[in-house]
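Report on one structure; see the data block that follows.
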Amino acid sequence: LLLVDDTPDNLVVMKKVLQRALPQVEIVTFQKPAEVMDYVRSANVSAAIFDVQMPILNGIELCQKIKSTEETRHIPVILVTSHEASSGFKTKGLDAGADDFLTRPIDNDELVARVKVALRINRAEAQLRRTADQVQQDYQLLFETEPECVKIVSPEGVLLNMNPSGLKMIEAESLAQ
């Protein structure tokens, strides 16, 4: 779990609350959002909480960077603000890709519950990615080893792909002519 906030007290409080409720979860904190992207690319981050109001790179911009990068877009992001969050402000954060939004003061039980949801989402999406990868591998194996001709054709009737057996059949037909 990644916590990013430029206010040390906010980090300490959130980290203590979450460590008490989720002792099995490693919690990493950053005060400088500019350092976060390198860490996120190299670590296995399951969820992130970003303060919205930070200098240089705010939480919404950081969320946008994470969600626009292929290798990190799967990370659930929760934005937190101390300011009264109008629906327009929340919309801006959610449009940036945030998965959730909290306004301080945060109820500790609500914080823990929302982090648990984010972690469940991360686990479910990771399982879906593994399943999709396996299905793709199985499909590729079937496609390449099927002894009959298999063609993939667009709705317009354009041949997009053909398995090796189909290519051999075409070669044999052209040699016979």
Side-chain angles (χ1 to χ4, degrees), residues 1-140:
L1 178 61
L2 175 64
L3 305 178
V4 183
D5 195 317
D6 62 322
T7 306
D9 291 346
N10 289 344
L11 285 175
V12 168
V13 169
M14 267 200 293
K15 186 173 182 176
K16 282 187 179 186
V17 167
L18 292 167
Q19 280 178 326
R20 203 173 314 120
L22 305 165
Q24 74 284 6
V25 175
E26 178 186 358
I27 301 172
V28 178
T29 62
F30 281 88
Q31 280 184 257
K32 296 179 181 174
E35 301 169 350
V36 170
M37 285 307 291
D38 287 336
Y39 175 78
V40 169
R41 285 188 188 103
S42 64
N44 184 17
V45 176
S46 298
I49 300 175
F50 301 150
D51 181 33
V52 171
Q53 301 294 327
M54 295 185 286
I56 302 170
L57 181 66
N58 69 46
I60 292 174
E61 294 165 335
L62 182 56
C63 175
Q64 206 164 25
K65 280 185 166 210
I66 289 207
K67 293 299 187 167
S68 66
T69 304
E70 181 66 35
E71 62 205 3
T72 59
R73 73 172 32 137
H74 66 278
I75 299 170
V77 173
I78 301 170
L79 293 177
V80 176
T81 187
S82 298
H83 301 286
E84 185 60 35
S86 69
S87 63
F89 192 63
K90 285 183 177 180
T91 301
K92 187 175 179 182
L94 295 169
D95 283 346
D99 299 282
D100 204 348
F101 205 105
L102 291 168
T103 304
R104 287 190 178 99
I106 302 169
D107 177 79
N108 291 344
D109 292 334
E110 182 179 5
L111 172 65
V112 170
R114 291 183 187 229
V115 168
K116 285 180 178 180
V117 168
L119 294 172
R120 272 197 316 269
I121 288 169
N122 180 269
R123 282 190 302 271
E125 287 183 352
Q127 181 60 45
L128 284 172
R129 284 190 302 278
R130 285 190 298 273
T131 301
D133 289 345
Q134 186 60 53
V135 167
Q136 179 63 36
Q137 290 172 9
D138 292 349
Y139 165 79
Q140 194 64 37

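Since the model is a prediction, treat every value here as computed from it, not as a measurement.
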task: Could you give me the CA-CA distance, side-chain angles and deciding distance for K65 and V36, then say whether side-chain contact (heavy atoms from CB on, under 4.5 Å) is met?
output: CA-CA 10 Å; K65 280 185 166 210; V36 170; over 6 Å; no

query: What closest approach, in Å, do N122 and P76 show between heavy atoms, and which atom pair accounts for it?
result: ND2-CD, 3.8 Å

message: Looking at every non-hydrogen atom in both residues, tell me the closest pair between V77 and C63 and how far apart they are.
response: CG1-SG, 3.8 Å

- prompt: What heavy-atom pair brings I27 and L18 nearest, and what distance separates the two atoms?
  reply: CD1-CB, 3.6 Å

task: Look up atom CG in L1 and atom CD1 in I78, then write down how far apart they are to the nearest 0.5 Å.
output: 7.5 Å

message: Is there a side-chain contact (heavy atoms from CB on, under 4.5 Å) between D5 and K15? Walk through the geometry before answering.
response: CA-CA 11 Å; D5 195 317; K15 186 173 182 176; over 6 Å; no

message: Checking M37 against L62 for the side-chain contact (heavy atoms from CB on, under 4.5 Å) test, could you report, in this order, the C-alpha distance in whole Å, the side-chain angles of both residues, the deciding distance, and whether it holds?
response: CA-CA 8 Å; M37 285 307 291; L62 182 56; 4.3 Å; yes

- request: Nearest 0.5 Å please: distance from the CE atom of M14 over to the OG1 atom of T7.
  value: 9.5 Å

- request: Would you confirm whether S46, through its side chain, and L119, through its main-chain N or O, come within 3.5 Å as a donor-acceptor pair?
  value: no

field: Inter-residue atom distance E70.CD - T72.OG1, 0.5 Å rounding
entry: 9.0 Å

- request: Hey, could you give me the CD/CZ distance between E125 and R73, rounded to the nearest 0.5 Å?
  value: 11.5 Å

message: Can you confirm whether E26 is buried at CD, in the sense that more than 12 heavy atoms of other residues, nucleotides or ligands lie under 6.0 Å from that atom?
response: no

Spacing of I75 atom CD1 and N44 atom CG [to the nearest 0.5 Å]: 8.5 Å

message: If you define the side chain from C-beta out and look only at heavy atoms, does anything of V117 sit under 4.5 Å from D100?
response: no

statement: Looking only at heavy atoms, the pair that brings I56 and E61 closest together is O-OE1, 3.7 Å

message: Tell me the closest heavy-atom pair linking Q53 and D6, and the distance in Å.
response: O-OD1, 3.3 Å

Where F30 and L11 come nearest, the two heavy atoms and their spacing: O-CD1, 3.6 Å

query: Do R123 and Q127 pass the side-chain contact (heavy atoms from CB on, under 4.5 Å) test, and can you show the C-alpha distance, the side-chain angles, and the key distance before you say yes or no?
result: CA-CA 6 Å; R123 282 190 302 271; Q127 181 60 45; over 6 Å; no

Between CG on residue L102 and CZ on residue R114, distance to nearest 0.5 Å: 4.5 Å

message: Can you see whether D138 engages Q134 through a side-chain donor-acceptor pair at a distance of less than 3.5 angstrom?
response: yes

